[in-house]
Amino acid sequence: MLSSKELKALKDFHSGERGVLSMYLNTNPGDPDNLNGGWKIHMKNGFKELNKFLSDKETELKSLKALKEKVLDELDKNPDELRKGVVLFASENPELWSVHYVQVPVKSSFHWEDHPVLEQLEYMYKAYPEAGIILPSFGEVRILDTAMGVVKEEITYVFDPNLEEWGQSKQMDPTGSHVIGSSKVDFLESRLKENLNRFFKSMGITVERLKKERGWEEIHVAGETELAIAFSEILRKKPTSCIYKNLNNSKTSDVIHQVFEK
């Protein structure tokens with residue numbers, strides 16, 4: 001998983017002479033061009049073009065051949081990691097080996113320079129930065145720690161309103177609805193809101209701590225309108241986006257799509 005620290009290290013890397021392979025490979029199985037393992041053909045053609053480019057450079061060709069074997073071995077060993085794409089940077093001297101299996105769109109391209117070619121990676125990182133996605137609901141707050149369209153970790157904090165103490169005071173009509181105008185119901189709802197507000201405030205502190213510890217560049221909030229607004233308001237800084245939609249029971253890939261690809 002690429003971090004801002006790793007991106008900076010790649011920016012600072014220079015071999016002094018040409019010998020750095022930068023490979024962007026689209027492996028998305030949903031892409032029509034990749035049917036029946038089409039990405040393997042694109043990879044073969046990419047290396048073929050580099051070989052032509054270096055046809056009269058024997059030393060560089062030898063280095064490229066060694067790196068190609070290493071790349072093929074890497075992909076053969078990790079078939080289950082192939083998602084939407086692979087971004088790889090490698091060189092023999094000085095040694096560089098940086099592989100990233102990403103879940104964001106990748107345009108296949110191959111480069112042979114004295115430094116990693118990072119334009120596409122930087123664009124991807126800008127579009128899918130290190131970010132925290134906060135999914136508040138009445139019963140819990142779900143937090144996704146993400147980068148480059150992948151969830152690094154998922155944390156869930158459960159809200160316990162301690163209903164046993166005063167939940168029996170709730171008055172219901174025969175259909176199971178609140179009795180309109182009941183002071184006990186109003187009191188119950190008031191207590192629930194107070195407790196939920198306290199919970200959100202404590203979670204706001206937790207989110208701010210996680211942002212600092214994990215280097216989040218952005219925070220996104222998604223939930224039912226009232227809850228999303230309530231949580232956004234307890235944050236020190238306005239979130240990058242606030243989506244009024246309950247995604248708490250959605251798959252992480254669907255959440256990321258809603259937040260970053262809408």
Side-chain angles (χ1 to χ4, degrees), residues 1-130 146-150 152 215 217 260-261:
M1 183 63 60
L2 183 74
S3 66
S4 55
K5 184 177 180 180
E6 290 171 312
L7 182 58
K8 184 180 184 304
L10 288 170
K11 287 182 179 180
D12 294 339
F13 187 92
H14 290 271
S15 63
E17 59 184 18
R18 205 165 53 188
V20 178
L21 170 67
S22 299
M23 182 185 84
Y24 293 88
L25 184 63
N26 173 9
T27 61
N28 185 359
D31 190 325
D33 289 340
N34 285 332
L35 292 176
N36 301 316
W39 62 267
K40 294 181 181 179
I41 297 175
H42 300 316
M43 182 171 63
K44 181 180 179 180
N45 290 338
F47 278 113
K48 185 177 181 181
E49 288 301 314
L50 289 181
N51 278 317
K52 286 182 181 179
F53 176 64
L54 300 173
S55 58
D56 58 344
K57 304 291 190 299
E58 186 176 343
T59 302
E60 292 181 55
L61 274 173
K62 184 178 179 181
S63 179
L64 175 63
K65 182 179 179 181
L67 292 175
K68 176 184 176 182
E69 292 302 317
K70 196 173 179 181
V71 170
L72 293 177
D73 184 59
E74 167 73 22
L75 299 187
D76 283 342
K77 288 181 178 178
N78 296 283
D80 294 337
E81 294 294 325
L82 298 178
R83 298 167 180 171
K84 287 189 177 180
V86 182
V87 180
L88 181 149
F89 306 98
S91 74
E92 284 193 302
N93 188 25
E95 186 176 0
L96 169 66
W97 185 252
S98 179
V99 185
H100 307 279
Y101 297 96
V102 299
Q103 210 164 345
V104 299
V106 177
K107 182 179 179 181
S108 295
S109 64
F110 290 71
H111 310 269
W112 186 256
E113 301 289 346
D114 66 348
H115 62 279
V117 176
L118 300 172
E119 285 80 3
Q120 186 175 174
L121 180 64
E122 289 181 300
Y123 175 81
M124 293 159 61
Y125 191 79
K126 184 177 180 181
Y128 301 86
E130 291 179 271
T146 74
M148 295 288 285
V150 176
K152 297 189 287 184
E217 295 184 23
F260 294 108
E261 301 175 20

note = Between Glu130 and Gly215 the two heavy atoms that sit nearest each other are CB-O, 3.8 Å
inquiry  = What I'd like to find out is whether the side chain of Asn78 reaches to under 4.5 Å of the side chain of Val99, using heavy atoms alone.
reply    = no
remark   = Closest non-hydrogen contact found for His42 with Asn34 is CD2-OD1, 3.6 Å
request  = With rounding to the nearest 0.5 Å, note down the distance linking CG in Asp31 to CG in Asp33.
outcome  = 5.0 Å
request  = Please tell me if the side chains of Arg83 and Val150 come closer than 4.5 Å, counting only heavy atoms from C-beta onward.
outcome  = yes
note = Rounding to 0.5 Å, atoms CZ (Phe89) and NE2 (His111) come to a distance of 8.5 Å
remark   = Residues Ser22 and Val117: closest non-hydrogen pair is OG-N, 2.9 Å
query = Going by heavy atoms in the side chains, are Lys68 and Leu21 under 4.5 Å from each other?
reply = no
inquiry  = Does Met148 form a side chain to side chain contact (heavy atoms under 4.5 Å, CB included) with Tyr125? I'd like the steps, not just the answer.
reply    = CA-CA 6 Å; Met148 295 288 285; Tyr125 191 79; 3.9 Å; yes
request  = For Phe110 and Gly46, work out which heavy atoms get closest and say how close.
outcome  = CD1-CA, 3.6 Å
task = With rounding to the nearest 0.5 Å, note down the distance linking CH2 in Trp39 to CG in Asn26.
result = 11.0 Å
request  = Kindly give the heavy-atom pair with the smallest separation between Leu54 and Glu60, and that separation in Å.
outcome  = CD2-OE1, 3.4 Å
Approximate separation, where rounding is to 0.5 Å, of Leu118 CG and Leu7 CG = 6.5 Å
query = Taking C-beta and beyond as the side chain, do Lys84 and Val106 meet within less than 4.5 Å on heavy atoms?
reply = no
query = Is a side-chain N or O of Thr146 found less than 3.5 angstrom from the main chain of Gly149, in a donor-acceptor match?
reply = no
query = Is Gln120 reaching over with its side chain to a backbone N or O of Lys107, donor-acceptor style, under 3.5 angstrom?
reply = yes
inquiry  = Just verifying a value: how many Å separate Ser108 OG and Ile41 CD1, rounded to the nearest 0.5 Å?
reply    = 12.0 Å
message = Within the structure provided, determine whether Leu75 and Met43 are in side-chain contact (heavy-atom separation under 4.5 Å).
response = yes
key: For the student: nearest non-hydrogen atoms of Lys11 and His14, plus distance   = O-NE2, 3.8 Å
ask   = Rounded to the nearest 0.5 Å, how far does CH2 of Trp97 lie from CG of Leu67?
value = 7.0 Å
ask   = Tyr24 versus Leu121: any side-chain heavy-atom pair under 4.5 Å?
value = yes
request  = Flag the pair Leu64 / Phe47 as yes when at least one side-chain heavy-atom distance between them is below 4.5 Å, and no otherwise.
outcome  = yes
message = Do Ser98 and Glu6 have side chains that approach each other closer than 4.5 Å (heavy atoms only, starting at C-beta)?
response = no
inquiry  = Taking CD in Glu81 as the centre, count heavy atoms belonging to other residues, nucleotides or ligands within less than 6.0 Å. Is the count above 12?
reply    = yes
